[in-house]
Amino acid sequence: MTPTDPVLYRVENRIALITVNDPDRRNAVTGEMSAQLRAAVRRAEDDSGVHAVVVTGAGKAFCAGADLSALGAAGTGAAEAGLQRLYDGFMAVGNCRLPTIAAVNGAAVGAGLNLALAADVRIAGPGALFDARFQQLGLHPGGGATWMLQRAVGPQVARAALLFGMRFDAEAAVRHGLALSVADDPVAAALDLAAGPASAPREVVLATKATMRATASPGALDNEHHDSAMRMELGPQAHTLQSPEFASRLAAAQRR
């Protein structure tokens, strides 16, 4: 691993710190970054010396969306496959057996919001911004966003975000339950919070999360709901990727 890798990984005090690392592009998700993020999560799960995971972004942004430019020109089937490759990293965070914290140091937009939502807990930095952005791009939500937002903030606020374009700064995120707290240094605050599971027996940590996952909605595990929502959203999102309106809105957004 080098400082220029799209995902950085280090372990301290039984906590894995995973950093999405493309600050020049505001950590926009690519297929390579997504694959490395999944690998980093798996590495943490497979390491008996890791009891918790913190995810953050390099530079000023947490993660400013996904690189969708190549998918708009693909056919629907290819677009669906490409979307799933982009989803793979944050789906791994959502499926992680260890406790997970997103240290949201800056903008979490689109797929970046999904990455934050996939974690068990979010801590916001003073400059954090939570912005779904899908509708403004003429794009159907994807990656399980409809389910994750409703789980985090309830139906009304989730609809305000996805249907009406509501965005959340750090204080609003805490007020609506999207983030646990605001901290000047969200990574340090996340590491402090993760010290709890880091000091507990790993088998107790794993069992507690597994039980909470099973009891959140009896009859199915919460990550199964996430996977179902992701698949339900996949077709409509791939369809909107093919539309000329999406292409023009994306081009306008990239010029800003």
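These numbers were taken from a predicted model, which means no experiment stands behind them. For reference, positions follow the sequence shown, starting with 1.
- At a threshold of 4.5 Å between non-hydrogen side-chain atoms, the residues Asp120 and Met212 do not count as touching.
- In terms of modelled atom types and a separation under 3.5 Å, the side chain of Asn27 and the main chain of Ala61 share a donor-acceptor contact.
- With hydrogens and angles disregarded, a donor-acceptor distance shorter than 3.5 Å links the side chain of Arg122 to the backbone of Ala116.
- Under a 3.5 Å cut-off, the side chain of Asp169 and the backbone N or O of Leu129 do not form any donor-acceptor pair.
- Residues satisfying the side-chain hydrogen bond (donor to acceptor under 3.5 Å, both in side chains) test with Thr30, not counting sequence neighbours, are none.
- Here the OG1-CD1 distance, from Thr56 to Ile18, works out to 11.0 Å after rounding to the nearest 0.5 Å.
- The closest donor-acceptor contact from the side chain of Ser34 to the backbone of Arg85 lies under 3.5 Å.
- Cluster annotation: Met33 is connected to Tyr87 through the hydrophobic network of ILVMFWY side chains, with a link wherever side-chain heavy atoms come within less than 4.5 Å.
- In this structure, Val93 is not a member of the same hydrophobic cluster as Ile101, with clusters built from ILVMFWY side-chain heavy atoms closer than 4.5 Å.
- The two residues Pro197 and Ala52 come nearest to each other via the heavy atoms CG-CB, 3.8 Å.
- In this structure, Ser228 contributes its side chain and Glu224 its backbone to no donor-acceptor pair below 3.5 Å.
- A pairwise comparison of heavy atoms in Leu241 and Ala79 identifies CD1-CB, 4.3 Å as the closest pair.
- Closest approach of Cys63 to Val29, counting heavy atoms only: SG-CG2, 3.4 Å.
- By the 6.0 Å contact criterion, CZ on Arg38 is enclosed, its count of non-hydrogen atoms from other residues, nucleotides or ligands being greater than 12.
- By the 6.0 Å contact criterion, CD on Glu171 is open, its count of non-hydrogen atoms from other residues, nucleotides or ligands being 12 or less.
- Leu113 CG to Leu178 CG: the interatomic distance, rounded to the nearest 0.5 Å, is 6.5 Å.
- In the hydrophobic clustering of ILVMFWY residues, with side-chain heavy atoms under 4.5 Å counting as a link, Val54 and Val104 come out apart.
- Listed by chain and number, the residues in a side-chain hydrogen bond (donor to acceptor under 3.5 Å, both in side chains) with Ser199 amount to none (sequence neighbours excluded).
- Using a 4.5 Å cut-off on side-chain heavy atoms (C-beta onward), Asp88 and Gln84 make no contact.
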What's the verdict on side-chain contact (heavy atoms from CB on, under 4.5 Å) for Phe134 and Thr240, showing C-alpha distance, side-chain angles and the deciding distance? CA-CA 10 Å; Phe134 295 108; Thr240 55; over 6 Å; no

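- A heavy-atom distance below 4.5 Å is found between the side chains of Lys209 and Thr100.
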Tabulate below the donor-acceptor pairs under 3.5 Å that side-chain atoms of residues 140-167 make, not counting sequence neighbours, or state none.
| unit_1 | atom_1 | unit_2 | atom_2 | d |
| --- | --- | --- | --- | --- |
| Thr146 | OG1 | Glu233 | OE2 | 2.4 |
| Gln150 | NE2 | Thr146 | O | 3.1 |
| Arg151 | NH2 | Leu117 | O | 3.2 |

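- The stretch residues 179-210 participates, sequence neighbours left out, in no ring pair (Phe, Tyr, Trp, His ring centres under 6.0 Å) pair at all.
- The shortest non-hydrogen separation linking Arg14 to Ala198 is CD-O, 3.1 Å.
- Applying the salt bridge (charged side-chain N to carboxylate O under 4.0 Å, His left out) test to residues at least two apart or on different chains, none of the pairs has a partner in residues 48-62.
- Residues forming a salt bridge (Lys or Arg N to Asp or Glu O under 4.0 Å) with Glu203 (at least two apart in sequence, or on another chain): none.
- Residues Phe130 and Val182 do not share a hydrophobic cluster, clusters being chains of Ile/Leu/Val/Met/Phe/Trp/Tyr side chains in contact below 4.5 Å.
- Applying the side-chain contact (heavy atoms from CB on, under 4.5 Å) test to Pro126 and every residue at least two apart in sequence or in another chain returns Asp184.
- With sequence neighbours excluded, no residue satisfies salt bridge (Lys or Arg N to Asp or Glu O under 4.0 Å) with Arg42.
- Transitive grouping of hydrophobic side chains (ILVMFWY, heavy atoms separated by less than 4.5 Å) keeps Ile15 and Leu8 in distinct clusters.
- Residue pairs meeting the ring pair (Phe, Tyr, Trp, His ring centres under 6.0 Å) criterion with at least one partner in residues 165-185, sequence neighbours excluded, are Phe168-His176.
- Using a distance-only test at 3.5 Å, with no hydrogens or angles considered, no donor-acceptor pair links the side chain of Asp5 to the main chain of Val7.
- Taking every heavy atom of both residues into account, His226 and Met91 meet most closely at NE2-SD, 3.4 Å.
- By the side-chain hydrogen bond (donor to acceptor under 3.5 Å, both in side chains) test, Arg213 is found to be paired with Asp222, Asn223, residues two or more places apart in sequence or in another chain being considered.
- Between the side chain of Asn105 and the main chain of Pro186, no donor-acceptor pair closer than 3.5 Å is present.
- Listed by chain and number, the residues in a side-chain contact (heavy atoms from CB on, under 4.5 Å) with Val50 are Tyr9, Val11, Ala16, Ala44, Asp47, Leu98 (sequence neighbours excluded).
- Listed by first then second residue, pairs satisfying ring pair (Phe, Tyr, Trp, His ring centres under 6.0 Å) with a partner in residues 29-66 number zero, not counting sequence neighbours.
- Counting only heavy atoms from C-beta outward, the side chains of Glu12 and Leu17 never approach each other to under 4.5 Å.
- Under the 3.5 Å distance criterion, the side-chain polar atoms of Ser181 are left unmatched by any main-chain donor or acceptor of Ile123.
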